[in-house]
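These notes are about the structure you will find just below.
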Amino acid sequence: MIPLGAYLMVSAALFVIGAFGALARKSAVAILIGLELMFNAALLNAVAFWRYLHPQGFDGTVFAIVILAVAAAEVAVGLALFIAVYRRFGTAEADEIALLRG
Amino acid sequence: MNSWTNHLLTLILFTPALGALVLWFLPSRPKVQRWAALVASLVPFVLTVVLWVNFDFQRAGEFQFIERYPWYDAIGAAYHVGVDGLSLVMVLLTTFLVPLAILASFSIQERVKAYMMLFLFLETGMLGVFLALDLLLFFVFWEIGLVPMFFLIFQWGSAKGERTVWPGFTLQARVYAAMKFMVYTMAGSLGLLLALQMLGLVTGSFDYLQVLERWNSISGPVLPNIPLYIPVSLVKKVAFWAFVVAFALKVPVWPFHTWLPDAHTEAPTAGSMILAGVLLKLGAYGFLRFVLPLYPAESQFYAPVLAFLAAMAALLGALAAWGQWDFKRLVAYSSINHMGFVVLAVAAAAKAAGTEHAVQALNGAVLQMFNHGLTAAGMFFLVGVLYDRAHTRNLKDFGGLFGTVPFYGGVLMFTAMASLGLPGLNSFVSEFLIVRGTWPVLPVFTAISLVGLLFTGAYILKGLKHALFGPLVEKWANLPDMTLREVLVIGPLMALMLLLGIWPLTLLDVIHRSMVALVNLLAG
Amino acid sequence: MVAYWIFALVSLLMVLAALVAVTNRNLVRATMGLVLVLFGNAVLFVLLEAYFLAVAQVIIYIGAIAILIVFAIMLTRHVGDAWGPAFHRAWAWAVVVAGGLAVGLLFWIAHWPAADGKAKSPVDPQYTKLLGKALVAPDGYVIPFEVASALLLAALIGAIYVAWGGRRVKGPYPQRSEEKEA
Amino acid sequence: MTNELLLWLLPLPPLLAFALIVLFLNKSNKASHTVAILSVVLSWLGSMVLFLRALGIGAEALAEHPMHDSLVWLPGKTSLLRIGVYLDPLTAVTLFFVAWTIVMIFVYSVGYHNYGQPKGDHDEKGYPPHGATVEEHGHKHKVPSIEPMYARFFAFVSLFAFGMYLLVVSDNLLTLFAGWEIMGLCSFLLIGFWFKKESARAAAIKAFMTTRVGDVFMLLGIAYLYVATGSLAYTDVFNPEVLHQLAHSPAPVLGMSVAGFIGLLLFIGTVGKSAQWPLHVWLPDAMEGPTPVSAMIHAATMVSAGVYLIIRVFPLLHAAAEVPEFLSPMPIIAFIGAFTALFAATIAVAQNDIKRVLAYSTISQLGYMVAAVGIGAYVAAAFHLVTHAFFKALLFLGSGSVIHGMEHGVLHTGERIDPQNMYNMGGLRRKMPITFWTFLIGGFALAGFPVVTAGFWSKDEILGEAFAGHHMGVFWTLAVAALLTAFYTMRQITLTFLGEPRTEAAKHAHETPWTMTVPLMVLSVFAVGYGWVGVPKYFPVLGGLLPHWFQEWVGAVFHLYVKEEQAVSHSLVPLLVSILVSLGGLALGYVVYRGVTRADQPDPLARPLGPIFTLLKNKYYFDELYAFLFVRPAYWLAEVFTFRWLDRTVIDGILHAVARLSWNLGQFLRNYIDLPLINGFGDALGEGAKGFGRLFRAIQSGRVQHYMLVALAHVVAFLMLVYYYATMS
């Protein structure tokens, strides 16, 4: 059977790649894609831990379901914001929008 | 009487406010707003005509069309409205003038919707004062009328000019005028509110008729219901002056008058029309409706003081008007002069309670209120017409317009003569009645006022002299004459001036009946 | 043994697709990379015997989220085919942080004793049914479940509001010339 | 039509004409004057019908049962004020001369305003016409041009006529006052008819304001009468019982009875309207109006109204004079009248403007009438009122004709001279024969040329009454005034018509059209003939040949209230004096002025009279005096004292001081209480947080990715920390 560490490695790789994307990309959609990658990494982690450490329980699965729901919500709101921002500023480049500047 | 006429007063009272709300939902296009506002203001006028037709003139001294619903039951205040001859005349004046003022404001270009809405709310406020038979309701409407007027002056007032309040503090003239108007009236209302509440507490009701009955029958050295232990006579005196000051500020009586020239001069044309035409009458109405019936003894005692102030208003108002070069300010001061006669008549009626003189003086006073409403509105409108064309009100800038705009010249001449008191036109009748009523009672003050009457001629002629006569100023050579809309505004006013001048009985009959009732009430 | 191969292949594919997703300047292609990752994840779930989650992953992620992203890109038309640089100027910092993160995670996994462990027990064949019951049981997970639903609903309404918001025309009422006459 | 209905309708046609012209016909000159003249002819017709019917009824019967109708106008607590129409013998004679003169003046106006002439070259509304250039016989020359506000003129005079008819037919003082004031307005409008002329504008204002002084007193008098009697109708007020009561109750001021005080107040109205000293100043300036207006105001209507009023209220004055406990207003009236008669006559001697001479002569003649009322000779006053109306209208219209002729000459020759200055005239009798003869008749009537002219009879009657009543002061004053009157009349006639033309313009003067000369001829008939209705019985030869109709007729009105004067022995002294001053004055005038041959010659009287002549020429400096005493102080009082000082400085100053005080109080509370004590603590707290925030501001870039970067960097750092401690332990 595939060791848990393999899953964790894949997950870590996805997470790091997603983090890089979220940090380095210009486009807001691309940042969102990066974030989705990180969510997936977390999801994979959760499922892997459930399967290997506690297959009789429900915690891991429920955790995964909640992550799914949060991801869906996040993406919906994020994209809505994206569209609204695009309408208002005519651009969706995250580094050009600095309204929160102190 | 139909069932709907049972609610006629409420309808008259609230249709303008309702109209204002309708205006809110209509498109903001100026054309739509103007016509809608005109229609909304014509409805109360038509209803007033219905009221007039259904009014029982034989019982003009009593309140009719009474409606009464509980409002603040706990303190004895109610929504209580009704008309007698006096209110009827004032309501007629209000509903007659407001459509004309709205028609006159068709030249307003900015924020038409807000302007028209304020105007309609103003109408409700004014009508409420005349219709209310409950002290609290009266006060509410008294204050309501203030707010729209403030904004009308503040927002749509004349653009030019400024006043230095003290060195280093200069305000735009219209801001200054609006503030002054507001502060003065608020200052007066303060005492009025306290006095009203005192009356309400003492009598246990805010209902006018009940207050009247209970207040005047108070006996004993101290007031019931209030643990003040102050003598009744002192309380009555203080309350009397609280009322008098509040109303005197509004009339205005010298020396509380200086807000008037500023407010009238800076207000938009239609605002001045309503200010002079109706708002000043609120004060005089207060004297007739509240001061005289509630404080007959105090009024009688202090009548000479009041007469002195009124005579000063009549004399100094005329003199100050004569000293003006701003045409609009001249007309504004003329209001002080004319309203001085009203207060003089009130003072005489208070002094000679129950006599023929009192009746004649009060007939004159109420008729003068109506007449001044017509002539002052007309004069302000005509000055506005001139201002719309020339963008100046300085008399020194004009000259020789009688040849350029003969129609306007004729109309101005007519209105000015009505204001001056030419026999055959309205003001003469009322001035004659006032002189007839006051002379035997207060000869000295009447004589002083008559000197004012002399200067009335002087300032009217000054206006005519510089506007219409004299060498033509070249830049006005192509001034256009009055438009159809303007004629429609001034036409009804002129017709009524002439009608009341020739046949004053049209109004005097109902005024007389209600004034006889009032005088009988005063005589006890 | 097949599982090993499948795992290896899918994992590799996923990493490559993830790299495409975060580096390609064409957002549609980046989204396609993301879809590939999501799909790979579903495969891994099957390997982990989490069948319900695998199906949910396909339906929700690929069927909804990825499609949503594509729609968003298409709604903002020229964003999709923007040819500017994919990264902003400070991308080197991102590399540093992501690199640090990678080193840290790898270190951590490598030093974690349980990382090479095997599954302790098989999965109950009735597991999905039990999961369903547990989700709505008062003594189970009904509260997290409901909170998640509420969150979704709020997000939905919020998204609609935000995306709808800017439609009103601002500015003064445009006057027609005929109304400017006196 | 019943008499009462006819009376009601009498004033209406001119009013209708006014309305029609103003509203519809103001574009058409022809329609305007047609309507206006038609309306006054209608009123004239009605007046004549009423006059004849009145004659038919007879003086006694009419006086006892006058035509009277009224309706309720104002309510009162116990009594109602009624207004209505009324015709008694006095009304009838007044109506007679009013109707005639008004019609004549209307017809005359058509010619005077150059109807049928071309439009002027540079004429403009508000200025008199300047003449038009026409081509005739191959060369251009200037002719008079039509008045640019022709229609407006007829509108105004129609309203004026309405005012006068209203005044005459009133049965009460209130409508009388209405007519009175409407005429005041019209005189304002008509004096200022050429409203762009500075002098006309000033004159109009002056006229209105001066008469208004009187009007205010009169209004008070009317109000007082209403108070005292509860009515204003003649029939109620002039009831012997009411009069008795009024005469015996004291007024609050001046030690007068109520009747006397009211009479005095009403008389002040007359002083203003009839231009008696000291309110006479407006009338000479009123010459700024077109000449028909002058005739209207000074002859037929407005000034007559004042005298008509005091004759009308004579019973009241008489009643007041009968009670010795109270001061009587009669001596005051007599004094003012006599003084004015002499005073104005002296000024008239030194005036060169043809209309101005007539204006002062009017004041003087009105003084005669007022003085006559003051000595109780109301019949004589009424008689002189009527004859004076005729001959003074004639004189004014004649002078207008002269001016018109002179203007023609001025236009023709292009000379820059004043066409109204008598020194520029001379020899016009040959150029304008009709005008000359009619003017001569009018002038002789004014001078009281014995026997043939109406003026002689009326003036003689006043002098006779004064003499008979032993009012010697009045008698001699009036006699001297009569001498001066004859003198300046002859001066005027000599300078204007006799001798040779002194200017080119006078040589080219022209007789005026028939519309102007016919009224002159009609009026001259009355100027002669009307005297014959009042020949006193005692007059040698003629006395008794004709009945003294006027005495019977007007006397009948008042003998209900006024006790019949005892027949005094009619001395011939006043008669001889009258003849002497008249003829002497005329002769003197001719002798002194026939030698004037040049236009720029000084007045022959200037040298002998010296500074007195300058004083007369400047009208005793009354205008300057009034400007100094009343106008300027009043203006200062209005603009500087009341407005700038009292309102702006004192009242607003107090207000602003209160405002400033409140403002400063607020500032004090804010600066010394709120800010340091209460806000100080909070501010310190806030400032700390603010400084802290400023420190951290740098990391708030507003970029999402920065935040994420920082967060992840910390995760990394945290992981490293965990690892470090894990490996350490």
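Chain naming here is simple, since letters A, B, ... match the order of the sequence lines and numbering starts at 1 in each.
- Neither the backbone nor the side chain of C:Ser149 has a heavy atom closer than 4.5 Å to any heavy atom of chain A.
- Atom CG of C:Leu105 and atom CG of A:Leu8 lie 9.5 Å apart (nearest 0.5 Å).
- With a threshold of 4.5 angstrom between heavy atoms, A:Leu14 approaches chain C through side-chain atoms but not through N, CA, C or O.
- Put simply, of A:Asp59, A:Val66, A:Ile83, A:Leu53, the one with the most heavy-atom pairs under 4.5 Å next to chain C is A:Asp59.
- Proximity to chain A is limited to the side chain of C:Leu135, based on heavy atoms less than 4.5 angstrom apart.
- No other option in C:Leu12, C:Asp124, C:Leu106, C:Leu19 has as many heavy-atom pairs under 4.5 Å with chain A as C:Leu19.
- Ranked by heavy-atom pairs shorter than 4.5 Å toward chain C, the options A:Val62, A:Leu37, A:Asn40, A:Leu81 are led by A:Asn40.
- Looking at A:Val77, both its backbone and its side chain come within 4.5 Å of chain C, counting heavy atoms on both sides.
- Across every non-hydrogen atom of C:Ala159 and A:Ala76, the tightest pair is CB-O, 3.7 Å.
- Of the listed residues (A:Ala80, A:Gly21, A:Ala24, A:Gly18), the one with the most heavy-atom contacts under 4.5 Å to chain C is A:Ala24.
- The distance from the CH2 atom of A:Trp50 to the CG atom of C:Leu48 is 8.0 Å, given to the nearest 0.5 Å.
- For A:Ala22, no part lies under 4.5 angstrom from a heavy atom of chain C.
- Separating the CD1 atom in C:Ile69 from the CZ atom in A:Phe82 is a distance of 10.0 Å, to the nearest 0.5 Å.
- One distance of note links CD of A:Glu74 with CG of C:Leu151; it measures 10.5 Å at 0.5 Å rounding.
- Looking at A:Phe63, neither its backbone nor its side chain comes within 4.5 Å of chain C, counting heavy atoms on both sides.
- Contact tally against chain C (heavy-atom pairs below 4.5 Å) for A:Val75, A:Ile33, A:Leu68: the top residue is A:Ile33.
- Per-residue counts of heavy-atom pairs under 4.5 Å with chain C were compared for A:Ile65, A:Val70, A:Leu32, A:Val47; the largest is that of A:Val47.
- With a 4.5 angstrom heavy-atom cutoff, C:Val37 touches chain A only via side-chain atoms.
- Both the backbone and the side chain of A:Ala72 have a heavy atom closer than 4.5 Å to some heavy atom of chain C.
- Going from atom CG of C:Leu53 over to atom CZ of A:Arg51 covers 13.0 Å, rounded to the nearest 0.5 Å.
- Heavy atoms of C:Ala21 lying under 4.5 Å from chain A belong to its backbone as well as its side chain.
- Residue C:Val147 does not touch chain A at all, counting heavy-atom pairs closer than 4.5 Å.
- Of the atoms belonging to A:Tyr7, heavy atoms from both backbone and side chain fall under 4.5 Å from chain C.
- With a threshold of 4.5 angstrom between heavy atoms, A:Leu44 approaches chain C through its backbone and through its side chain.
- The aromatic rings of A:Phe58 and C:Tyr141 stand perpendicular to each other, their planes meeting at an angle above 60°, with 30° marking the opposite boundary.
- At a 4.5 Å heavy-atom cutoff, the contact between C:Phe52 and chain A is made by side-chain atoms alone.
- Atom CD1 in C:Ile73 sits 7.5 Å away from atom OG in A:Ser27 (nearest 0.5 Å).
- Contact of C:Leu156 with chain A is not made at all, since no heavy-atom distance falls under 4.5 Å.
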